[in-house]
Amino acid sequence: MTETLFTNIGQLVSPKPGVQRGAAMRDLTIIHDAAMLISDGVIRWVGPRPEAPGVLQEHDLGGVAVVPGLVDPHTHAVWAGDRLADFEARVQGVPYEEILARGGGIRSSMQATGAASVDELVALARSRLEALRASGATTIEVKSGYGLDFDAERRMLLAIRDLQAEFSLVPTLLIHVPPTEGRAEYVHAVCHDLIPTVASEGLASAVDVFCEREAFTVEESRAVLQAATAHGLGTKLHADQFHAIGGMELACELGALSVDHLEASGPAQIAALAASNTVATILPGATLHLGLPAAPGRQLIDAGAAVAVGTDLNPGSSPVFSAQLALALAVRLNRLTPAEALTACTVNAAAALGLKDRGALVPGQRADFLALHSRDWRDLPYTLGASPVREVYVAGREL
């Protein structure tokens, strides 16, 4: 058993382990002049440095602040092509419908991604995941969803599997965009062909579906998620991004791990989420990039909900390559406190992925942590435009 005692930690800052709701999201443990004992990738002891057990191998962290590694619970990091022309047109006021008519929009990403090989998708995604990890993300969820057909969806998931050799990734099958014709047949095939195949090959841990006026209806989404559950997969939803049509309520009814976006959620949706076990995942990068109203993060926490924060990294609506920036934006755009934002990006983000073994710096948790440049952890939510993260550790190993 390899043991290392990390010493000279100016501040060791952590939320409580497990999902945190409402006011509990502000409850952080802060130990000054701390030490942390790690063996075999797991935290064994945490406390004041003078009380640390004696071990042969010590690592001096230089008096800086240490926080848990961040968990990014919502990304679309595997795609081909770009949406730069869309971006330029949108800021000039061109409606999205016209962008689609010109051959842009999400279907252009689907066309480019559908034409790419697994090796090409791996090469394209690697640098994005490296950026996320350097920003502090020690666990990253990655969705499919840009496939023109089921073979393309499978190639995306195979690319994610290949990248798991280099990164700590959680793969999700995303049912993203309905076909222009034959919707009923498509949903039937998703439920009876795609999901069973993905489950049997172990290519995803959960299924997500985009429930919106422009995407899938509540009943279509219900069929997809029930098929996922029947095949042993977790469930998630994109919902209430543009319209509150019942997707959030469906997520709570079915006990989904998370429901993501929520920009259009109102008092009724907030109350329902607060009464459920489903994590509310908010995505401030999309708010910033699209100029949408921000998801009601403050109201969700005040109502007692469990809130997580993700980057939503994707080519069209959130080109955010930093989990730390998403955390910082949640403070500014969604009105979370710094402590709530840290909890949202660690234990609650882990809960949104069904993970219980990471996100807090306590004995028994996986030793994922960040050493900052600063002696004060609050530089993590404060800093914009530079990285406050000095070192990233996954399972006790510096990357």
Full working for salt bridge (Lys or Arg N to Asp or Glu O under 4.0 Å) between E98 and R102: CA-CA 6 Å; E98 185 174 337; R102 295 177 180 180; 2.9 Å; yes
Would you find more than 12 non-hydrogen atoms of other residues, nucleotides or ligands less than 6.0 Å from [X] atom [atom1]?
X	atom1	result
E253	CD	yes
R335	CZ	no
E181	CD	no

Grouping I, L, V, M, F, W and Y whenever their side-chain heavy atoms are under 4.5 Å apart, do [X] and [Y] come out in a common cluster?
X	Y	result
L132	V78	yes
L370	L28	yes
I160	I140	yes

[Y] and [X] side chains, donor-acceptor separation under 3.5 Å:
X	Y	value
H243	R213	yes
S117	D119	no
T343	N348	no

Counting C-beta onward and ignoring hydrogens, is there a side-chain heavy-atom pair between [X] and [Y] closer than 4.5 Å?
X	Y	answer
P73	T281	yes
V66	V13	no
F216	I175	yes
D260	V279	no
T229	L254	no
V394	R366	yes
L273	T278	yes

Not counting sequence neighbours, which residues clear salt bridge (Lys or Arg N to Asp or Glu O under 4.0 Å) with D72? List them please. none
E340 meets the salt bridge (Lys or Arg N to Asp or Glu O under 4.0 Å) criterion, sequence neighbours left out, with R26, R298
Looking only at atom types and distance, does a side-chain atom of [X] sit under 3.5 Å from a main-chain N or O of [Y], one as donor and one as acceptor?
X	Y	result
Q324	L384	no
T311	L313	yes
Q164	L169	yes
K236	A352	yes
S14	L361	yes

Evaluate the ring-ring contact (aromatic ring centres under 6.0 Å, His included) criterion for residues H238 and H76: first the C-alpha distance (whole Å), next the side-chain angles of each, then the deciding distance (0.1 Å), finally the verdict. CA-CA 12 Å; H238 284 55; H76 306 257; 5.5 Å; yes
Just to verify, what does R49 make a side-chain contact (heavy atoms from CB on, under 4.5 Å) with, not counting sequence neighbours? T7, N8, D33, A35
Whether Y393 and H59 hold their rings parallel, tilted or perpendicular, with breakpoints at 30° and 60°: perpendicular
Tell me whether the rings of F369 and F6 are parallel (<30°), tilted (30 to 60°) or perpendicular (>60°). perpendicular
ring-ring contact (aromatic ring centres under 6.0 Å, His included) between F87 and H289, intermediate numbers included: CA-CA 9 Å; F87 170 63; H289 190 68; 5.5 Å; yes
Could E141 and K143 be called an ion pair, given the rule that one side-chain N must be under 4.0 Å from one carboxylate O? yes
Hey, could you give me the CD/OG1 distance between Q226 and T235, rounded to the nearest 0.5 Å? 10.0 Å
Quick one: pull up OG1 in T287 and CG in L329 and give me the separation to the nearest 0.5 Å. 9.0 Å
Stepwise side chain to side chain donor-acceptor pair (under 3.5 Å) check, Q57 with E3: CA-CA 7 Å; Q57 183 170 314; E3 290 188 327; over 6 Å; no
Audit row: E219, R222, salt bridge (Lys or Arg N to Asp or Glu O under 4.0 Å) steps and yes/no: CA-CA 5 Å; E219 288 312 307; R222 180 189 300 276; 3.4 Å; yes
With side chain to side chain contact (heavy atoms under 4.5 Å, CB included) as the criterion, how do Q11 and R375 come out once you've worked through the C-alpha distance, each side chain's angles and the decisive distance to 0.1 Å? CA-CA 7 Å; Q11 284 182 330; R375 293 175 177 269; over 6 Å; no
